[in-house]
Amino acid sequence: MELIQGTHKAPQDFISSMPDIVINNILDRLPFGDVVRTSVLSRTWRFKWTMISQLVLDVDFFDSIETEEEDDDEDEGNNESIVSKILRQLRGPITKFELSVDDISDADDMDNWILFLSRRGLNDLTLTSWDANPLELPASLFSCVELKHLKLRNCSFSLPPIFDGFPNLLSLDLCVEFEDNTQLGEFFTRCPLLEKLTMDDLFEMDKVNIVEIAKQENLKILSLKFHDSDDETATSSSNIFELVGSLPKLQELHLDFEECRLIEGGGKKSFFTAFPCLKVLKLSDICLDNGIMFSFAFELIRSSPNLQTLEITPSNWNADSPPQVNHSTTRLLQLQSVMFDCLKGSENELRLMKYLLACSPSLKRMHIFSRFFSSAEEKAVFVNKLLKLYRASPVVEIELFWY
């Protein structure tokens, strides 16, 4: 019998034959633990992980290291030694670095990492500490002049005597503790291209002067969290209007009033400044039962004729003053989507809904989430009130979610 020689070929490894730039692009999108595991695929893949340009060492990564150590009875060392070992093995440019740890015991390690990264083309940096005390950042942070995105959570820093700024910075996310001598005005002015600013007040928002933020004329997205203000440091509603009016390119605004009430200074007067570029507005923990805060929300919405998306999360404070709003100056809005979260069904909330439904002919949806109605009867009463409100939009859908 004549044997027929087989012509079957082994399947081609298309992934390994891809250009390195494509493989690196794929690896940059995988969790770092999975990236390192590709080194065991073959001799060809042994060192490909060392060419990644985006390094994310988050809580999940360090948890996986601890789990593997427990399974293998091996000790890879503390977090600092692990990070240092990884950085020493990377061979290409590192454009993004994200580190999220419980504690850094040696400040010199952080200083060395940042100096190393500043020479490798770093433009996106995120540092997060989960320790009870803020992570103190070294002055070398300010040598990363190529940064475009900077996010600092539960950190502290002070500006060095000579600070040339971040000339390329586009987004800044701060949840930090500032040293007493920190001049934030100088810090902001040295970020001339800043388009997105987030300031989460875990510590001392009262040290931030709104006027300093108002100088950022390129801002498109602004998120501020006010917290624990007293009568001396409380924010005036007129100051916020002045801030928004001074940012001609602002498109998205998020204000969080956690345990903070506005003081008199604009809530009762009509503002003639319009904010034509504002398209997204989010108001969190705002007490609509407070007259000043209700009037502020009403005026801000009315002054944004091109607003498309509105999200409001009312607080559960009790009312202490009646709202004073001039409804005779209402304007048509371009709203398409409205969301209320944690709704209580108060009269002021219904007043605001009435205005939004009556003045928004383009509205497509209104979503209402509530956990404050304990009985079916209370829900029915609220629904009946809602159904009686006039709707300018013929296509708007109102959905209620009880939880």
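In this structure R190 satisfies the salt bridge (Lys or Arg N to Asp or Glu O under 4.0 Å) test together with E186, sequence neighbours excluded. With sequence neighbours left out, S393 forms a side-chain contact (heavy atoms from CB on, under 4.5 Å) with L363, V395, V396. S315 pairs by the side chain to side chain donor-acceptor pair (under 3.5 Å) definition with nothing, not counting sequence neighbours.
Heavy-atom neighbours of K279 NZ from other residues, nucleotides or ligands within 6.0 Å: at or below the threshold of 12. Crowding of Q89 atom CD: a count of heavy atoms from other residues, nucleotides or ligands under 6.0 Å exceeding 12. Counting heavy atoms of neighbouring residues, nucleotides and ligands inside a 6.0 Å radius, atom CD of E217 does not exceed 12 of them. The environment of E399 atom CD is dense: over 12 non-hydrogen atoms of other residues, nucleotides or ligands sit within 6.0 angstrom.
In this structure a side-chain-to-backbone donor-acceptor pair under 3.5 Å is missing from N25 to I21. The closest donor-acceptor contact from the side chain of N154 to the backbone of S129 lies under 3.5 Å.
A tilted orientation is assigned to the rings of F157 and F187, their planes being inclined by 30° to 60°.
Of all non-hydrogen atoms in S362 and Q334, the two that sit nearest each other are OG-OE1, 4.0 Å. When every heavy atom of L135 is checked against every heavy atom of M110, the shortest pair comes out as CD2-CE, 3.7 Å. Nearest approach of K385 to L350, heavy atoms of both residues: CD-CD1, 3.6 Å. The two atoms that bring C359 and P361 nearest to each other are O-CD, 3.4 Å, heavy atoms only.
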Name the atoms and distances for all side-chain donor-acceptor pairs under 3.5 Å in residues 50-58, with sequence neighbours left out.
unit_1: T50; atom_1: OG1; unit_2: F47; atom_2: O; d: 2.5
unit_1: T50; atom_1: OG1; unit_2: R91; atom_2: NE; d: 2.9
unit_1: T50; atom_1: OG1; unit_2: R91; atom_2: NH2; d: 3.2
unit_1: S53; atom_1: OG; unit_2: D28; atom_2: OD2; d: 2.7
unit_1: D58; atom_1: OD1; unit_2: D60; atom_2: N; d: 3.4
unit_1: D58; atom_1: OD1; unit_2: F61; atom_2: N; d: 3.0

Test side-chain contact (heavy atoms from CB on, under 4.5 Å) on S370 and F401 and set out the steps. CA-CA 6 Å; S370 179; F401 303 88; over 6 Å; no
So N306 and F275, side-chain contact (heavy atoms from CB on, under 4.5 Å) or not? Walk me through it. CA-CA 8 Å; N306 296 313; F275 314 123; over 6 Å; no
Begin with the C-alpha distance, continue with both residues' side-chain angles, and end with the deciding distance and a verdict on ring-ring contact (aromatic ring centres under 6.0 Å, His included) for F369 and F372. CA-CA 10 Å; F369 298 82; F372 290 97; over 10 Å; no
Starting from the C-alpha separation in whole Å, work towards a yes-or-no answer on side-chain contact (heavy atoms from CB on, under 4.5 Å) for F116 and F97. CA-CA 11 Å; F116 173 82; F97 180 67; over 6 Å; no
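Contacts classified as salt bridge (charged side-chain N to carboxylate O under 4.0 Å, His left out) and involving residues 152-162 (residues at least two apart or in different chains) are given here: R153-D173, R153-D200. For residues 39-54, the pairs satisfying salt bridge (charged side-chain N to carboxylate O under 4.0 Å, His left out) are D20-K48, with sequence neighbours left out.
S100 and W130 share a donor-acceptor pair across their side chains, judged by distance under 3.5 Å alone. Side-chain atoms of E378 and S374 form a donor-acceptor pair, as typed in the model, at a separation below 3.5 Å. Side-chain polar atoms of N123 and K96 form no donor-acceptor pair below 3.5 angstrom.
A side-chain contact (heavy atoms from CB on, under 4.5 Å) with F340 holds for exactly one of L352, T313, L400, L310; it is L352.
Salt bridge absent: R391 and E397 never bring a charged side-chain N and a carboxylate O closer than 4.0 Å.
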